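The sequence lines fix the lettering, A, B, ..., with proteins before strands; numbering per chain opens at 1. Computed from a predicted model, the values in this text were never measured in an experiment. Computed from heavy atoms alone, side chains included, the values below leave out hydrogens, waters and symmetry copies.
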Protein chains: 2
Amino acid sequence: MSVVDAAASVFCREGYAGANIDLIAAEAGVSRQTVYNHHGDKENLFVAVVRDLTERCNAGIFATIATFPDQPTDLEADLIAFAVRMNRNCICNRDGRFLRKLIQAEGERYPELFAEWRGQGPGRTWSALAARFARLAFAGHLSIGDPDVAARQFLALVNAELQITFMLGGVPTEEEVLRSAANGVRTFLGAFAKKKLPAGKQAALAHA
Amino acid sequence: MSVVDAAASVFCREGYAGANIDLIAAEAGVSRQTVYNHHGDKENLFVAVVRDLTERCNAGIFATIATFPDQPTDLEADLIAFAVRMNRNCICNRDGRFLRKLIQAEGERYPELFAEWRGQGPGRTWSALAARFARLAFAGHLSIGDPDVAARQFLALVNAELQITFMLGGVPTEEEVLRSAANGVRTFLGAFAKKKLPAGKQAALAHA
DNA sequence: ACAAATTTAGACAGGCTTGTCCAATTCGTC
DNA sequence: GACGAATTGGACAAGCCTGTCTAAATTTGT
């Protein structure tokens with residue numbers, strides 16, 4: 001394991017103040033001196049960790065957004081699969097969990113560092129996702145007012161059932177991820193799908 | 001400010017390891033020795049802080065759930081107002097922000113302490129909220145499959161736009177809270193409201 | 001006003017951590 | 001195999017923090 005990876009792990013587990021360079025070195029399988037040779041001091045190492053995580057997470061998020069179902073065959077199934085990919089590859093994986101925890105724990109201590117993350121991460125990824133939803137709406141698959149709002153709500157919904165697990169730093173099971181995504185997408189489509197009433201109901205309405 | 005309140009503030013700002021008893025004592029306006037007299041040691045003090053926050057937060061959440069609109073006159077407006085109350089009094093206030101941060105930062109270090117929180121907090125509050133939604137559905141105002149899922153999704157939706165602010169420890173403005181709640185409730189009702197199509201659309205369907 | 005209880009300031013030991021220095025060793029490359 | 005670069009282990013100073021102790025000051029109850 002590289003020094004930065006080990007440092008990420010220890011910073012997350014112990015917090016910045018509680019992280020101990022000897023432990024990081026041991027976990028990385030190098031001597032303490034090597035850590036100092038490579039990264040100067042603790043703060044420097046921390047910044048390197050956050051930059052590394054931010055970069056990898058963003059890459060993962062964009063790669064996943066690239067798999068967005070632009071021409072869905074089964075919209076519900078395709079969106080659920082997309083949501084599961086998003087969760088598995090970006091939010092529940094090692095980098096995602098670590099970055100989230102570091103932002104929450106140390107965000108106030110390094111305003112400029114996390115402002116950078118905010119601009120390059122959520123800022124760009126959310127509008128990229130919003131663009132995909134806008135395209136789905138334009139193609140007639142959805143009925144969306146504000147695509148940015150819809151994108152944020154999509155993410156909120158498919159993660160709704162995982163919040164507590166995330167809070168306590170746990171990793172949801174594959175089944176939990178799937179259930180949360182399925183429930184979230186169903187509600188999302190309930191709100192944003194073009195309404196095509198099933199034949200029975202449509203007939204009932206016609207005769208009302 | 002009481003010792004426990006000052007400790008909550010410092011633990012949140014600096015993390016458990018970074019928190020310093022001298023600073024807590026100074027912020028509380030007492031001597032260091034008094035802190036030790038009252039709470040024994042640092043870990044004890046931390047536990048007292050979390051218990052205190054948990055208790056106050058739970059009281060606030062239940063008090064707010066008691067204001068749930070059981071007999072809504074304007075369902076959308078009433079749910080928005082409820083969501084705003086929930087955010088203002090339970091999630092964005094001092095206790096809510098602090099407790100959330102402590103759980104995220106130190107949850108793994110004190111499993112039994114936060115398991116207790118989990119059982120008394122989210123466990124009971126979510127089912128209490130679910131019961132209110134179930135009653136609304138029973139009274140014919142909503143069309144809900146699983147009330148527990150609906151309750152979690154309601155909370156996720158009305159907070160969807162505040163996630164980033166929460167992550168960085170900020171306090172959303174009143175206007176942001178209102179907008180997030182309004183957007184969230186609109187989507188929630190889009191998915192769960194009993195569908196009464198407006199006259200024009202209903203007519204169009206009837207002639208289709 | 002007085003006695004008991006509490007609080008305070010400060011000193012203090014012990015432990016831990018950061019960051020530096022250095023000599024010895026290992027590694028990569030030619 | 002030989003040479004330069006990187007790595008290692010360990011010693012080290014300096015600083016910080018926890019938790020204890022003590023004697024003086026202050027508050028509280030009566």
Side-chain angles (χ1 to χ4, degrees), chain A residues 1-53 98-99 101-114 169, chain B residues 1-53 98-99 101-114 169:
Chain A
M1 183 148 56
S2 88
V3 172
V4 180
D5 288 338
S9 169
V10 175
F11 278 134
C12 282
R13 214 170 50 236
E14 314 287 343
Y16 179 82
N20 154 319
I21 304 278
D22 286 3
L23 190 57
I24 292 172
E27 204 146 315
V30 300
S31 74
R32 176 176 60 240
Q33 189 58 48
T34 299
V35 176
Y36 281 106
N37 286 342
H38 285 347
H39 297 97
D41 66 8
K42 193 179 180 179
E43 185 160 331
N44 229 306
L45 176 57
F46 180 77
V47 171
V49 165
V50 174
R51 280 202 214 285
D52 183 61
L53 287 176
F98 282 6
L99 183 56
K101 185 152 182 186
L102 290 184
I103 290 166
Q104 288 162 350
E106 316 291 345
E108 288 166 282
R109 200 187 313 284
Y110 296 87
E112 74 301 332
L113 180 58
F114 290 102
Chain B
M1 182 150 53
S2 86
V3 172
V4 180
D5 288 337
S9 169
V10 174
F11 279 133
C12 281
R13 214 171 49 237
E14 314 287 343
Y16 179 81
N20 154 319
I21 304 279
D22 286 2
L23 190 57
I24 292 173
E27 204 145 315
V30 300
S31 73
R32 174 177 59 240
Q33 189 60 46
T34 299
V35 176
Y36 281 106
N37 286 343
H38 285 347
H39 296 97
D41 65 10
K42 192 179 183 180
E43 183 160 333
N44 229 306
L45 176 57
F46 180 77
V47 171
V49 165
V50 173
R51 280 202 214 285
D52 183 62
L53 287 176
F98 282 6
L99 183 56
K101 185 152 182 186
L102 290 184
I103 291 166
Q104 288 162 349
E106 316 291 344
E108 288 166 281
R109 200 188 312 284
Y110 296 87
E112 74 301 332
L113 180 58
F114 289 101

To the nearest angstrom, how far is [X] atom [atom1] from [N] atom [atom2]?
| X | N | atom1 | atom2 | result |
| --- | --- | --- | --- | --- |
| B:N44 | D:dT18 | CG | P | 15 Å |
| A:H39 | D:dT7 | NE2 | P | 11 Å |
| B:N37 | D:dT27 | CG | P | 17 Å |

With a 4.5 Å cut-off on side-chain heavy atoms, are B:N20 and B:E14 touching?
no

Close side-chain approach of B:F98 and B:V49, heavy atoms under 4.5 Å
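They are not in contact (no side-chain heavy atoms under 4.5 Å apart), so the answer is no.
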
List in chain and number order the residues that pass salt bridge (Lys or Arg N to Asp or Glu O under 4.0 Å) with A:D41, two or more places apart in sequence or in another chain; answer none if no residue qualifies.
none

Which residues pass the salt bridge (Lys or Arg N to Asp or Glu O under 4.0 Å) test with B:E27, not counting sequence neighbours?
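Expected list: B:R13.
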
Would you say B:T34 places a side-chain N or O within less than 4.0 Å of OP1 or OP2 belonging to C:dT6?
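No, because none of the side-chain N or O atoms of B:T34 sits under 4.0 Å from OP1 or OP2 of C:dT6.
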
Has B:H38 got a side-chain N or O lying under 4.0 Å from the OP1 or OP2 atom of C:dT6?
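No, no such contact exists.
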
Residues in side-chain contact (heavy atoms from CB on, under 4.5 Å) contact with [X], at least two apart in sequence or another chain:
| X | result |
| --- | --- |
| A:A28 | A:V3, A:A6, A:V30 |
| B:R51 | B:V47, B:L113, B:E116 |
| B:D5 | B:M1, B:S2, B:D52, B:R56, B:R94 |

Using the C1' atoms of the five pairs at each end, what is the angle between the end axes of the helix from C:dA1-D:dT30 to C:dC30-D:dG1, to 10°?
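Axis angle across the helix from C:dA1-D:dT30 to C:dC30-D:dG1, nearest 10°: 40°.
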
Go through the structure and list residues passing side-chain hydrogen bond (donor to acceptor under 3.5 Å, both in side chains) with B:N44, not counting sequence neighbours.
none

A:E108: which residues meet the side-chain hydrogen bond (donor to acceptor under 3.5 Å, both in side chains) condition with it, sequence neighbours left out?
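So A:E108 forms a side-chain hydrogen bond (donor to acceptor under 3.5 Å, both in side chains) with B:K101.
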
Looking at every heavy atom in both A:V50 and A:F114, which two are closest together, and how far apart are they?
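That would be CG1-CE2, 3.8 Å.
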
Which pair of non-hydrogen atoms, one from A:V35 and one from A:L45, has the smallest distance, and what is that distance?
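For A:V35 versus A:L45, the nearest heavy atoms are CG1-CD2, 4.1 Å.
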
Report each atom pair, protein N/O against N/O of nucleotides 14-17 of chain C, whose distance is under 3.5 angstrom.
{"from": "C:dT17", "atom 1": "OP1", "to": "A:N20", "atom 2": "ND2", "distance (Å)": "3.3"}
{"from": "C:dT17", "atom 1": "OP2", "to": "A:N20", "atom 2": "ND2", "distance (Å)": "3.3"}
{"from": "C:dT17", "atom 1": "O5'", "to": "A:N20", "atom 2": "ND2", "distance (Å)": "3.4"}

Where at least one partner belongs to residues 8-36 of chain B, residue pairs that pass ring pair (Phe, Tyr, Trp, His ring centres under 6.0 Å), sequence neighbours excluded
B:F11-B:Y16, B:F11-B:F46, B:Y16-B:F46

Generate the contact string for nucleotides 20-25 of chain D. Rules: B means base contact, S means sugar-phosphate contact only, - means no protein heavy atom under 4.0 Å.
BB----

By a strict heavy-atom criterion of less than 4.0 Å, which residues belonging to residues 2-15 of chain A are in contact with DNA chain C?
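Close to the strand, none.
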
